[in-house]
Participant: 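Please read through the structure below; I'll follow up with questions.
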Amino acid sequence: MSTTPRHSSTPLTRRRFLSATGALGAGTLLAACGGGSASPGSGSASGPAAEPAADTYDGPNVELEFWNGFTGGDGPYMQALVDAFNSEHENVNVRMTVMEWADYYSKLPAAVTSGRGPDVGIMHIDSLSTNAARNVIMPLDDVAAALDLNASDFAEAVWNAGEYAGQRYGIPLDVHPLGYFYNKQVLADAGLDPEDPPMDRDSYEAALEALKSAGVAGHWMSPHTFTGSMTLQSLIWQFGGSLFNDDGTEVTWDQDPAIEALTWMVDAINNDYSPSDVGQDADAIALQNGQTAFNWNGIWHINTLKEVSGLEWGVAPLPNIGGTQAAWAGSHNFVMTSQRRPDENKLDAARVFINWVSQQSLDWAEGGQVPARSSVRESAEFQELTEQAALAQQVDYLRFPPAVPGIGDAFADFDQALNEAVLLTKEPAKALSDAAARATKKLEENRDRYSE
């Protein structure tokens, strides 16, 4: 099977795409990608047939409803892709509905249950198992087979994470990893090389000390989910730990590697490398304003920094603080919702739409993403997107949570532990232990809730 995407007869060129997006100069702050849980749907999952060709749809005219939460700077990029698809497929019209992610995950199950759900949706990878268990989304093994998609076509970690209970529920569109952003002018003013940022623990801590001597708190530690929780998760994996055991039945973030990781964050505050009470997004703003040198933030931050006039900045994979290369990442996946009365024509057209957008994911990458499809990610054209390409170097060691229904419920306790420790109201070991006890009960309750 070829791993090279099959392009449509009228490919989406860079000029056509940029024309379709219109004026994207202002307001391209990419909304941070939050996860979400949905309430149960009652429909039974049914997968589409795998017979028709993947590249073309030759049936009667159909209209596809496509829901997603791309309300930020990524939204115009996806709308441009939808518009281009519609212009090339006279018998398929895709109508995109955009809403906040929290509303999306709240409304989707009820809409599916009532028969008014979309044909195609986008879902974060950590929400696939929950919605699969609730029969909100259908298995896509037949879709993957019809499109000739397999593990070799994608980053291995994101492809494997799209499976639940032995079936595939997501076709990955992208990965959006945490990255290492640095202010070159702040580094230079502190006597550090702005073109050679520190990439290991010893050099990183030495740089923080040099910045402190220059009157700069070099790395502001956020007590919030964005971006503190992502930082802590990355550090736990780097220190050789994990958040859960392999099958997601046990919490492991109260073990020594996690304690060491959270202690490292707290020590940054105690050593005056960070303020003690960092507000939401204050760490990112501080980098832009020259108040700090380093910021671990999502890839969506690239387009934000590009709009800051006069800012000299760089981006790289996360420094290896704990000894093991690892980084947090999220991923947007295409899903197809369960249908009371499946329409085979719509199912076939939806498959063509998913395949077409996947092939055009180079253009999607310009919105601040790393393409999940290997042939696109490894292309010379993607390498020209130097910032995204820098963070794509992490693709082989990105981490995702286990595919366990309701796994997101446990993260509220994890985030509370982060908040308590970084705000210096509870010692790291105690904060993690207390949170693990609460989360363990939730995992047990969810096993009963989602068991057949």
Participant: Name the residue from N297, D283, D281 that meets the side-chain hydrogen bond (donor to acceptor under 3.5 Å, both in side chains) definition with T227.
Facilitator: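 Going through the options one by one, the only one that passes is D283.
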
Participant: With side-chain hydrogen bond (donor to acceptor under 3.5 Å, both in side chains) as the test, pick out the partner of R373 among S358, S379, S361.
Facilitator: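 The option that passes is S358.
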
Participant: Under 30°, 30 to 60°, or over 60°: which ring-plane class applies to W159 and F154, parallel, tilted or perpendicular?
Facilitator: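 Correct class here is parallel.
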
Participant: Apply side-chain contact (heavy atoms from CB on, under 4.5 Å) to D396 and Q325, showing your working.
Facilitator: CA-CA 9 Å; D396 290 332; Q325 287 185 315; over 6 Å; no

Participant: Just checking, any donor-acceptor pair under 3.5 angstrom between side chains of S229 and Q233?
Facilitator: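 The answer is yes; a qualifying pair exists.
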
Participant: For the pair H219 and Y204, name the ring-plane relationship: parallel under 30°, tilted 30 to 60°, perpendicular over 60°.
Facilitator: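 Plane angle over 60°, so perpendicular.
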
Participant: Keeping T337 on the side-chain end and G117 on the backbone end, is there a donor-acceptor pair under 3.5 Å?
Facilitator: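 Checked: no pair found.
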
Participant: So do L287 and L311 actually touch side chain to side chain, heavy atoms under 4.5 Å?
Facilitator: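 Of all side-chain heavy-atom pairs linking L287 with L311, none is under 4.5 Å.
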
Participant: If you round to the nearest 0.5 Å, how far is CZ of R95 from CG of N86?
Facilitator: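 The CG atom of N86 sits 11.5 Å away from the CZ atom of R95.
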
Participant: Look at K430 together with D434 and state whether they make a salt bridge at an N to O cut-off of under 4.0 Å.
Facilitator: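 Yes.
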
Participant: Any heavy-atom pair between the side chains of F411 and L243 that's under 4.5 Å?
Facilitator: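 Result yes, sub-4.5 Å side-chain heavy-atom pair found.
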
Participant: Looking at F334, Y77, W356, F70, which hits ring pair (Phe, Tyr, Trp, His ring centres under 6.0 Å) with W364?
Facilitator: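 Exactly one pass, corresponding to F70.
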
Participant: Using modelled atom types and a 3.5 Å cut-off, is there a donor and acceptor pairing between side-chain atoms of Q394 and backbone atoms of G179?
Facilitator: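 The answer is no, because no donor-acceptor pair under 3.5 Å joins these two groups.
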
Participant: Between D189 and V186 (side chain of the first, backbone of the second, donor and acceptor by atom type, cut-off under 3.5 Å), is there such a pair?
Facilitator: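 Between the backbone of V186 and the side chain of D189 there is no qualifying donor-acceptor contact (under 3.5 Å).
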
Participant: Is there a side-chain contact (heavy atoms from CB on, under 4.5 Å) between I321 and F239 once you walk through the steps?
Facilitator: CA-CA 8 Å; I321 303 299; F239 278 102; 4.1 Å; yes

Participant: For the residue pair L443 and T249, establish whether any side-chain heavy-atom pair is separated by less than 4.5 Å.
Facilitator: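 No. Closest side-chain heavy atoms not under 4.5 Å.
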
Participant: Taking atom NE2 of H176 and atom CD1 of I302, what is their separation to the nearest 0.5 Å?
Facilitator: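 Reported to 0.5 Å precision, the distance equals 13.0 Å.
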
Participant: Given side chains that start at C-beta, do those of P118 and T97 come closer than 4.5 Å, heavy atoms only?
Facilitator: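 No; the side chains remain at least 4.5 Å from each other.
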
Participant: Under a 3.5 Å distance rule, please check whether T252 uses its side chain to pair with a backbone N or O of S242 as donor and acceptor.
Facilitator: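 Confirmed, T252 side chain pairs with S242 backbone.
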
Participant: Please lay out, stage by stage, how L187 and D193 fare under the test side-chain contact (heavy atoms from CB on, under 4.5 Å).
Facilitator: CA-CA 6 Å; L187 290 175; D193 187 347; over 6 Å; no

Participant: How close do L432 and D254 get, counting heavy atoms only, and between which atoms?
Facilitator: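 For L432 versus D254, the nearest heavy atoms are O-CB, 3.9 Å.
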
Participant: Test side-chain hydrogen bond (donor to acceptor under 3.5 Å, both in side chains) on D83 and Q79 and set out the steps.
Facilitator: CA-CA 6 Å; D83 292 344; Q79 185 63 63; 2.9 Å; yes

Participant: Can you name the closest pair of heavy atoms from P317 and M199 and give their distance?
Facilitator: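 Answer, listing the atom of P317 first, then M199: O-CE, 3.2 Å.
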
Participant: In this structure, which one of N131, V335, T113 forms a side chain to side chain contact (heavy atoms under 4.5 Å, CB included) with V136?
Facilitator: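 Exactly one pass, corresponding to N131.
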
Participant: At their closest point, which heavy atom of N419 faces which heavy atom of P223, and how far apart are they?
Facilitator: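 Nearest pair, atom of N419 first, then P223: ND2-O, 3.2 Å.
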
Participant: How long is the gap from CD on Q238 to OH on Y397, to the nearest 0.5 Å?
Facilitator: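 Reported value, rounded in 0.5 Å steps: 8.5 Å.
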
Participant: Can you find a heavy atom in the side chain of Y450 that is under 4.5 Å from one in the side chain of S129?
Facilitator: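 Of all side-chain heavy-atom pairs linking S129 with Y450, none is under 4.5 Å.
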
Participant: I'd like to check N333 versus L128 (side-chain heavy atoms, cut-off strictly below 4.5 Å). Are they in contact?
Facilitator: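 Side chain of N333 against side chain of L128, heavy atoms only: contact under 4.5 Å found.
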
Participant: Looking at K442 and D409, is any side-chain nitrogen of the basic one under 4.0 Å from a carboxylate oxygen of the acidic one?
Facilitator: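 Result for this pair is no, no salt bridge flagged.
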
Participant: Can you establish whether the number of heavy atoms outside E65 located under 6.0 Å from its atom CD is more than 12?
Facilitator: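 For E65, atom CD is crowded (more than 12 foreign heavy atoms under 6.0 Å).
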
Participant: Run the side-chain contact (heavy atoms from CB on, under 4.5 Å) test on N183 and T292 for me, step by step, so that the C-alpha distance in whole Å, both residues' side-chain angles and the decisive distance to 0.1 Å come before the verdict.
Facilitator: CA-CA 7 Å; N183 186 308; T292 192; over 6 Å; no

Participant: What distance separates E209 CD from D272 CG, expressed to the nearest 0.5 Å?
Facilitator: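 Between E209 CD and D272 CG, I get 9.5 Å after rounding to 0.5 Å.
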
Participant: Do the ring centers of W101 and Y104 come within less than 6.0 Å of each other?
Facilitator: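 Yes, the ring of W101 comes within the 6.0 Å limit of the ring of Y104, centre to centre.
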
Participant: Considering non-hydrogen atoms only, spot the tightest contact between M96 and G75 and give its length.
Facilitator: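 For M96 and G75, the tightest heavy-atom pair comes out as CE-O, 4.0 Å.
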
Participant: Please find out if less than 6.0 Å separates the ring center of W220 from that of Y273.
Facilitator: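 Not under 6.0 Å, so no.
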
Participant: Please check if the number of heavy atoms outside D246 that lie under 6.0 Å from its CG is greater than 12.
Facilitator: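 No, because the 6.0 Å sphere around CG of D246 holds 12 heavy atoms or fewer from other groups.
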
Participant: For the pair R377 (side chain) and P371 (backbone), establish whether a donor and an acceptor sit closer than 3.5 Å, ignoring hydrogens and angles.
Facilitator: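 Yes, the answer is positive, given that a donor and an acceptor are paired below the 3.5 Å cut-off.
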
Participant: Quick one: do E205 and R201 make a salt bridge, cutoff under 4.0 Å?
Facilitator: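 Salt bridge between E205 and R201, a charged N being under 4.0 Å from a carboxylate O: yes.
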
Participant: Are N446 and R449 side-chain neighbours, meaning at least one heavy-atom pair lies under 4.5 Å?
Facilitator: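 Of all side-chain heavy-atom pairs linking R449 with N446, at least one is under 4.5 Å.
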
Participant: Rounded to the nearest 0.5 Å, how far does CD of E427 lie from CD of E420?
Facilitator: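 Nearest 0.5 Å value for the CD-CD distance: 11.5 Å.
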
Participant: Identify the heavy atoms of H224 and V278 that sit nearest to each other, and give their distance.
Facilitator: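 Result for this residue pair: NE2-O, 3.2 Å.
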
Participant: Are the side chains of V251 and F414 in contact, using a 4.5 Å heavy-atom criterion?
Facilitator: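 They are not in contact (no side-chain heavy atoms under 4.5 Å apart), so the answer is no.
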
Participant: More than 12 heavy atoms of other residues, nucleotides or ligands under 6.0 Å from CD of E156: yes or no?
Facilitator: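 Result for CD/E156: open.
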
Participant: Could you check whether any side-chain N or O of S433 sits under 3.5 Å from a backbone N or O of A429, counting only pairs where one atom can act as donor and the other as acceptor?
Facilitator: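 No; judged by distance alone, with no hydrogens or angles, the pair does not exist.
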
Participant: Shortest non-hydrogen contact from P428 to A421?
Facilitator: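 Heavy atoms of P428 and A421 come nearest at CA-CB, 4.2 Å.
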
Participant: Between S106 and A102, is there a donor-acceptor pair closer than 3.5 Å when you use the side chain of the first and the backbone of the second?
Facilitator: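 Not confirmed, S106 side chain does not pair with A102 backbone.
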
Participant: Got a sec, which residues hit side chain to side chain donor-acceptor pair (under 3.5 Å) with S203, two or more places apart in sequence or on another chain?
Facilitator: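 Counting only residues at least two positions away or on another chain, S203 forms a side chain to side chain donor-acceptor pair (under 3.5 Å) with D200.
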
Participant: Just by distance, no angles: are the side chains of T225 and D415 close enough, under 3.5 Å, to form a donor-acceptor pair?
Facilitator: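 Per modelled atom types, T225 and D415 side chains form a pair under 3.5 Å.
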
Participant: Enter the distance from S331:OG to I122:CD1 here, rounded to the nearest 0.5 Å.
Facilitator: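 So the gap between those two atoms works out to 9.0 Å.
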
Participant: According to the interplanar angle, ranging from 0 to 90°, do the rings of H124 and Y105 count as parallel (below 30°), tilted (30 to 60°) or perpendicular (above 60°)?
Facilitator: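 Tilted, since the angle between the ring planes falls between 30° and 60°.
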
Participant: Hey, what's the ring geometry for F181 with W313, parallel, tilted or perpendicular (30° and 60° as the breaks)?
Facilitator: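 Ring orientation of F181 relative to W313: tilted.
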
Participant: I need the single residue from L140, I125, I137 that forms a side chain to side chain contact (heavy atoms under 4.5 Å, CB included) with Y169. Which is it?
Facilitator: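 Of L140, I125, I137, side chain to side chain contact (heavy atoms under 4.5 Å, CB included) with Y169 is met by I137 alone.
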
